[in-house]
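Input: a single structure, listed below in structure tokens.
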2 protein chains.
Amino acid sequence: MPPVDRSVVADVALFAGLGPAELDEVLREARSIRYPKDSAVFHQGAEADAFFVLLHGHLRVEKTTPQGQQIVVRYVSPGEIFGVAQALALKHYPATAVAAVESIALCWPSAAWPRLTAKFPSLAAKALQTVGSRLQDTQARVMELSSEQVKQRVAHALLRLAKQAGRRIETGVEIDFPISRQDVAEMTGTTLHTVSRILSAWEQQGLVEGGRQRIVLRDPHKLFALAEGRIPSARS
Amino acid sequence: MPPVDRSVVADVALFAGLGPAELDEVLREARSIRYPKDSAVFHQGAEADAFFVLLHGHLRVEKTTPQGQQIVVRYVSPGEIFGVAQALALKHYPATAVAAVESIALCWPSAAWPRLTAKFPSLAAKALQTVGSRLQDTQARVMELSSEQVKQRVAHALLRLAKQAGRRIETGVEIDFPISRQDVAEMTGTTLHTVSRILSAWEQQGLVEGGRQRIVLRDPHKLFALAEGRIPSARS
DNA sequence: TGCGCGGTTTGCGTCAGGACAACGTTCCGG
DNA sequence: CCGGAACGTTGTCCTGACGCAAACCGCGCA
């Protein structure tokens, strides 16, 4: 009675090196859980009693500053491992994960981590790579925040979103989950007002196409040029 | 003929779980190298052919943006492992490490990493924790850059420096290596002009004490209050 | 059908902090 | 001992982006 079938994790990079029997063994300890839109998978500060792999949907990971400011740390896409706090020797989750759309995740108790990594060292190596690439992303973001104008940062954010959760449609690339201007603002360290202004301007130029919690990139190439700082910030 | 003696790594957390014989085995593959002030340990973009543990001194890790802007990513203190690019599946170093003062580091060829982690799993676990805490730090910095004023960011930066490389002297806590206003600017995402102004103001209030490539915190407690955003940014 | 709420747009005033520039100071090498 | 370079200070100006506030829009719901 394996509660989780192998087929659902066929494309999860974390398990790439494992054979069918090993995979079953790992999955035997997991539970599959469904998270309705806007429900939290875990909360910042809560005890880190589990880690997860996202099967379906999209999560928004956010942190709140001591002063109450919210920041969107990143979005989680299917196939990713997340909530690995205890592997980093953290007792509590450092951030909150919220389902941006109805989502499904596999869930292991934290206690399983030491046992699984001991038995399957490739898991530890893969986790190290995942955390490493997350560190790369975060450092890239520090560099953006330190050296770029708001417009460039917004452009970068949109491109990144499109890359990891873009869906091709006739008129361009659509972000595959509901995302508000507020969310974009929290990703780029600015205010929703400024984001709204920028997107309105771009919409008039035909660069993007907006809507309620919806963003479509009509001209990613030009957007990229903007992000790179070429195009001196389209006057008037 | 072990080129490196056990005693020099007595306080390196990475090797905490290893016995004397195991330690010798690990150290047998290492070389100890001396880096004069201002020399580079490795360069951003260079092939990641080695990883390191700092024994003595301080390193400045910096990244250069495509547009040529430099950012100080962090400072490395004795006992830390660094340059673990290949463990994160990176072919090239993502940043440059420069000796802020004359420094000494242990150096292993990258090829040794898979072998050592296979034999001593605690190394992989420790590395995961190290990278994890680095990720925490970087995300904290993103939050600062996103939500705080320049003054608060500078205060935070000074406190962090003092914490990891502070030396108690009569008048307060001194940063233990030469650091210019430019460096502080590159840590906080601002310009050396602004940093200079801020530090001058603080010096007049007796909060800090400056000098050429030198910073002393005279009142860390008040500085902390400033960093937290209490004290509404000392008018006039 | 009308109401209300969450999300969005936009105008306007303000100001923190960046750009530019000139000058002072300390340190080092010849 | 002198000259220059690197580092730091300070003044002035200017603008990008934030704060506030008001209006708007579309969607879901009663």
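Small disclaimer: the values here were computed from a predicted structure and weren't measured. We name chains A, B, ... by the order of the sequence lines, and we start the count at 1 in each one.
Side chain of A:Ser103 to main chain of A:Val101: a donor-acceptor pair is present (N/O by atom type, distance under 3.5 Å, no hydrogens or angles). Judged by distance alone, with hydrogens and angles left aside, the side-chain atoms of B:Glu80 form a donor-acceptor pair with the main-chain N or O of B:Ser77 at under 3.5 Å. Side chain of B:Thr188 to backbone of B:Val184: a donor-acceptor contact under 3.5 angstrom is found.
Spacing between atom CG of A:Leu145 and atom P of D:dA17 amounts to 13 Å, rounded to whole angstrom units. Distance, B:Glu148 CD to C:dG17 P: 12 Å, rounded to whole Å. Between B:Asp183 atom CG and D:dC7 atom C1' the separation is 11 Å, expressed in whole Å. Nucleotide C:dA16 holds its P atom 12 Å from the CD1 atom of B:Ile198, rounded to whole Å. Distance A:Ile179 CD1 to C:dG7 P: 13 Å, rounded to the nearest Å. D:dC7 atom C1' lies 14 Å from atom CG of B:Asp38, rounded to whole Å. The interatomic distance linking B:Gln152 (CD) with C:dA16 (C1') rounds to 13 Å, in whole Å. In this structure, B:Gln204 places its CD atom 18 Å from P of D:dG8, rounding to the nearest Å.
Nearest nucleotide to the side chain of A:Val150, out of C:dG7, D:dA17, C:dA19: D:dA17. When the nucleotides C:dT10, C:dG7, D:dT10 are ranked by their closest atom to the side chain of A:Arg197, C:dT10 comes out on top.
Remark on DNA chain D: of its neighbouring residues A:Gln149 and A:Arg212, the 5'-side contact belongs to A:Gln149, judged by nearest-heavy-atom nucleotide. Where A:Ser180 and B:Arg153 meet DNA chain C, the nucleotide closest to each residue was compared, and A:Ser180 sits on the side nearer the 5' end.
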Which is it for A:Arg60 and A:Glu186 under the salt bridge (charged side-chain N to carboxylate O under 4.0 Å, His left out) test, yes or no, and what are the steps along the way?
-> CA-CA 11 Å; A:Arg60 184 177 61 248; A:Glu186 288 178 7; 5.9 Å; no
Step by step, work out the salt bridge (charged side-chain N to carboxylate O under 4.0 Å, His left out) result for A:Glu174 and A:Arg167.
-> CA-CA 5 Å; A:Glu174 178 175 7; A:Arg167 199 161 44 84; 3.2 Å; yes
Listing, residues 36-52 of chain B side-chain donor-acceptor contacts under 3.5 Å, not counting sequence neighbours, or none:
unit_1  : atom_1 : unit_2  : atom_2 : d
B:Ser39 : OG     : B:Pro36 : O      : 2.7
B:Gln44 : OE1    : B:Thr64 : N      : 2.9
B:Gln44 : NE2    : B:Thr64 : O      : 3.4

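The stretch residues 185-196 of chain A touches DNA chain C through A:Leu192, A:His193, A:Ser196, each having a heavy atom under 4.0 angstrom from the strand.
Screening residues 171-194 of chain B for ring pair (Phe, Tyr, Trp, His ring centres under 6.0 Å), with sequence neighbours left out, gives B:His58-B:Phe177, B:Tyr75-B:Phe177.
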